[in-house]
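Here's the structure, in structure tokens; my notes come after.
Throughout, protein chains are lettered first and strands after them, A, B, ... in sequence-line order, and every chain is numbered starting at 1. Owing to the predicted nature of the structure, the values given are computational and were not obtained by experimental measurement.
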Amino acid sequence: MYIAEMYIPAKKKKVKTFIIPSLKLTAVLILLCAVIYPLLVVGIAKTVPSGGDGVTVSYKGQVVGYKDIGQKFTDDKYFWSRPSAVDYNASGSGGSNKGPTNQDYLADVQKRIDTFLVHNPGIKKSDIPVELVTASGSGLDPDISFASATVQVPRIARLRNKTEKKLYELIDKIKERPLFGPEKINVLKLNVALNML
Amino acid sequence: MNSQILGVVVMFVATLLLAVPLGRYIAKVYSGQRVWTDIIFNPIEKLFFKISRINPAIEMGWKQSLVALLTINLVWFLWVMFCLLNQSWLPMNPDHNPNMTPDLAWNTAISFLVNCNLQDYSGETGVSYFSQVFGLMFLQFVSAGTGMAAAAVVFNALRDRTTDQLGNFYNYFLRSCTRILLPVCILVASIHLFEGTPMTFKGIDTLTSVQGDTMHVSRGPVAAFVAIKHVGTNGGGFFGANSAHPFENPTYLSNIVQMIAQILIPFAMVFAFGFYCNKRRLAWVFWGVMTTGFLILVVPTIIAEVNGNPYLAQMGIAQPGGNMEGKEVRFGAMASAFWSIATTVISTGSVNAMHDSFMPVSGMNMMLGMMINSFYGGVGVGFLNFFIYVILAVFIGGLMVGRTPEFGGKKIEAREMKIAMIIALFHPFLILVGTAVASYLAAHDTNMGWWFADAAGKHNASGWLNNPGHHGFSEMLYQYTSCSANNGSGFEGLADNNPFWNISAGIVLLFSRFLPIIGPVAIAGLIAGKKFIPASSGTLKTDTGTFGLLVFAVKVIIAALAFFPALALGPIAEWMKMH
């Protein structure tokens, strides 16, 4: 054995000591990390209610969306979602990536404020919460804040002939108050509940 | 607001409480002591080593460890290049995404290989499920394992003895993957499943929304991916919006879990060093220095984001939520601000809000985190970077008090110092030269030809900026800082999917990953071979607050001298314009 090793040129020895083990170790690790591990997680996913396909929301027996994926609500009869840099197209995602001093960005915000005031007569500028005029990071933000929902109540009450009290109750019902972190309102759930009112 | 402060405090404290026992566990794993995971992993590892024809009992020197490390990294690079360039015909591509262009594949393969995870593509349209799982997720495991194994070699070299036998690299590496990364990932992925993250191989779902629009919703095997993305401080998102995407990070709880998952191992590695080398006090000093730096960066960032944008205040709207451009309602400004600094001081680079839209102070602090790159730092490599500063501090401290520079009973001499200086200075060199070249091209609006074309097909270099003025400069500075720190986050407005950025960033990534591994391992290897001198009254004590302060000062001085002029042109100028 020792004699044989002596006659292998130095370069070939390197191949034997480092390259071959690297290739084989890579192959078994692909099996572990890219086959066994994901399959295990898929297995666990089968035990959760959504089965790992994402949690859906239904209305009148139809799946109308995913709970976690925000949708476009621009109709005045619905509670609006936040502005989106990708127009709520969930086959992509992303923010505006505009800097805080960018004049185009500031002009966009001003335009959204003006639009909001036109569609919501009687609302003061200082009542508009910031999230309703700024785009989210994912462009798919499913939530708005409590203030963003209540500021839209007069408009929806008028268009849908409902009392404002009823809408406030609805918002309170949908509102989520997690142990940590901000309270939020899922716009899709809120609007589905609104349709059922 | 109070519940948000509480949320941030909980994230930090919980990480620390988990990191100490995990550190002890990691130290046991590397020193081969018995641990509770033996029952499962002993047979698996034995089998793997048998198949690979590796004898884990054979010890290697520092040079052999490095050759083993570089060789296996080359194999992975080639494998992932193959995946990315052929994904259109490979299986598991339900959305029919095309092959990557060669320059994008080069950038992507390198950036995942080096644990950076800079992404010039969007996950929904740029890669197939095969590439995500077999290419990128695989690299997220093994690149983290590589960093940890390199740190283990250094731990071994810093023990109180004289040796050139530093353990078996393959053994450290495989154990890092199987016994540390994998179990934590399974736990993190499971929590995400219950929070609503998908884990499916089905493609885009098409449905009609409440309002009557047609919607397309991308899905995928997200839960498994998002776990290793954070546990291995990789940071590459499954979707384009990374952890801002509501599937990838659906709730505040999942946000807490991801935050803990990404800081956990960087914390634990410091404590593992303490347990492994029996230098627990020193480990706490190191952790204290890192935490001081982290807090100095995170507090002003949180204040800036919670206070919101003064320009929007001028418009007369209410900003109770703070600066919400690029942020998600379910996390709020505070948790996003905390995340932005955590993800940049460690080398994760995942984002739960778009960094480009943060306030100037926040942008500067993120860059500072990456410029210093060792307030915690990435899994394994964060410790290696920190070690370089320790060597510099030992030398400067030794000279100041007129004693021979020593660390852990070993003399620090000219050769080690030279290596440490090269590594410490190479980082600013890569960042500043890259930014200088890119800014020169942008400022002169150079016609880039093949190297760059914007969405309209124009080749003018200024077209890669999404924001004008100082913020545009920050976009370029951030990009090279992120590359050189192997971080992977970005001011994503920068149009970076083109040959100029793909190729130049790829080159920076390669240098900035492997030199900071080779350097510290070499220093540690050289130190290990030296004679051990027991501590005497003439020794400069390293496990004291004074020494911690010295290390901190060295970092600040190097960072300030190297980066202040560049920062003054970007975020500092933008801040002054704003106020």
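In this structure, A:P182 and B:Y252 have side chains that are in contact, with non-hydrogen atoms separated by less than 4.5 Å. Taking the side chain as every heavy atom from C-beta outward, A:P38 and B:M199 approach each other to under 4.5 Å. By the 4.5 Å heavy-atom criterion applied to side chains, B:M359 and A:P100 are counted as neighbours. In this structure, B:V329 and A:R82 have side chains that are in contact, with non-hydrogen atoms separated by less than 4.5 Å. B:F49 has its side chain out of reach of A:P21: every pair of non-hydrogen atoms, C-beta onward, lies at least 4.5 Å apart. Side-chain contact check for B:D213 versus A:Q71: every heavy-atom pair is 4.5 Å or farther apart. Looking at heavy atoms from C-beta onward, B:E248 lies out of side-chain contact with A:S93 at the 4.5 angstrom threshold. A:L140 is not listed as a side-chain neighbour of B:F239, based on a closest heavy-atom distance of 4.5 Å or more.
The contact between B:M315 and chain A is made by backbone and side chain atoms together, counting heavy-atom distances below 4.5 Å. Contact of A:L188 with chain B is made through the side chain alone, with heavy-atom distances under 4.5 Å. Interface residue B:S209: backbone and side-chain heavy atoms are both found under 4.5 Å from chain A. Heavy-atom distances place the backbone of B:F358, and not its side chain, under 4.5 Å from chain A. Using a 4.5 Å cut-off between heavy atoms, A:L25 contacts chain B through both its backbone and its side chain. For A:Y66, the part sitting under 4.5 Å from any heavy atom of chain B is the side chain, from C-beta outward, and nothing else. With a 4.5 Å cut-off on non-hydrogen atoms, A:T56 does not touch chain B at all. In this structure, no portion of A:V86 lies under 4.5 Å from any heavy atom of chain B. Residue B:K327 touches chain A through its backbone alone, counting heavy-atom pairs closer than 4.5 Å. Proximity to chain A (any heavy atom under 4.5 Å) is shown, for B:A68, by both the backbone and the side chain. The parts of B:I317 that come within reach of chain A are both its backbone and its side chain, each placing non-hydrogen atoms under 4.5 angstrom from that chain. At a 4.5 Å heavy-atom cutoff, the contact between A:V192 and chain B is made by side-chain atoms alone. Using a 4.5 Å cut-off between heavy atoms, B:R330 contacts chain A through both its backbone and its side chain. When heavy atoms are compared at a cutoff of 4.5 Å, B:L253 does not approach chain A at all. Residue contact with chain A, scored on non-hydrogen atoms closer than 4.5 Å, is absent for B:V222. Proximity to chain B (any heavy atom under 4.5 Å) is shown, for A:S50, by neither the backbone nor the side chain. In this structure, chain B has a heavy atom under 4.5 Å from the side chain of A:L40, while its backbone stays farther away. With a 4.5 angstrom heavy-atom cutoff, A:D104 does not touch chain B via any of its atoms. Both the backbone and the side chain of B:I51 come within contact range of chain A, judged by heavy atoms closer than 4.5 Å. The parts of B:H245 that come within reach of chain A are both its backbone and its side chain, each placing non-hydrogen atoms under 4.5 angstrom from that chain. Residue contact with chain A, scored on non-hydrogen atoms closer than 4.5 Å, involves the backbone and the side chain of B:I186 alike. Proximity to chain A (any heavy atom under 4.5 Å) is restricted, for B:L174, to the side chain, taken from C-beta onward.
Closest approach of B:S218 to A:S91, counting heavy atoms only: OG-CA, 3.5 Å. Closest non-hydrogen pair, A:T17 versus B:Y170, comes out as O-OH, 4.1 Å. The minimum heavy-atom distance between A:S138 and B:A244, with the atom names listed, is CB-O, 3.3 Å. Across A:D68 and B:P250, no two heavy atoms sit closer than the pair OD2-CB, 3.8 Å.
Rounding to the nearest 0.5 Å gives a distance of 12.0 Å between CG of A:L23 and CH2 of B:W79. The distance from atom CG of A:L32 to atom SG of B:C177, rounded to the nearest 0.5 Å, is 8.0 Å. The CG atom of B:N323 lies 7.5 Å from the OG1 atom of A:T134; values are rounded to the nearest 0.5 Å. How far OH of A:Y88 is from CD of B:Q211: 11.0 Å, rounded to the nearest 0.5 Å. One distance of note links CG of A:D141 with CD of B:E328; it measures 4.0 Å at 0.5 Å rounding. Summarising the geometry, atom CG belonging to B:L312 is positioned 11.5 Å from atom CD1 belonging to A:I128; distances are rounded to the nearest 0.5 Å.
In terms of non-hydrogen atom pairs under 4.5 Å with chain A, the most contact-rich of B:T125, B:I228, B:L182, B:L181 is B:L182.
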Before giving the answer on side-chain contact (heavy atoms from CB on, under 4.5 Å), spell out for B:N309 and A:Y105 the whole-Å C-alpha distance, their side-chain angles and the decisive distance to 0.1 Å. CA-CA 12 Å; B:N309 188 339; A:Y105 160 62; 4.0 Å; yes
side-chain contact (heavy atoms from CB on, under 4.5 Å) for B:E195 and A:V55? Distances and angles first, verdict last. CA-CA 10 Å; B:E195 290 302 293; A:V55 186; over 6 Å; no
Go through the steps for B:I72 and A:F18 under the test side-chain contact (heavy atoms from CB on, under 4.5 Å), then give the verdict. CA-CA 8 Å; B:I72 199 162; A:F18 292 110; over 6 Å; no
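Between A:Y37 and B:F141, the ring planes are perpendicular. Angles over 60° get that label, and only those under 30° would be called parallel.
The backbone N or O of A:A135 sits less than 3.5 Å from a side-chain atom of B:E325, completing a donor-acceptor pair.
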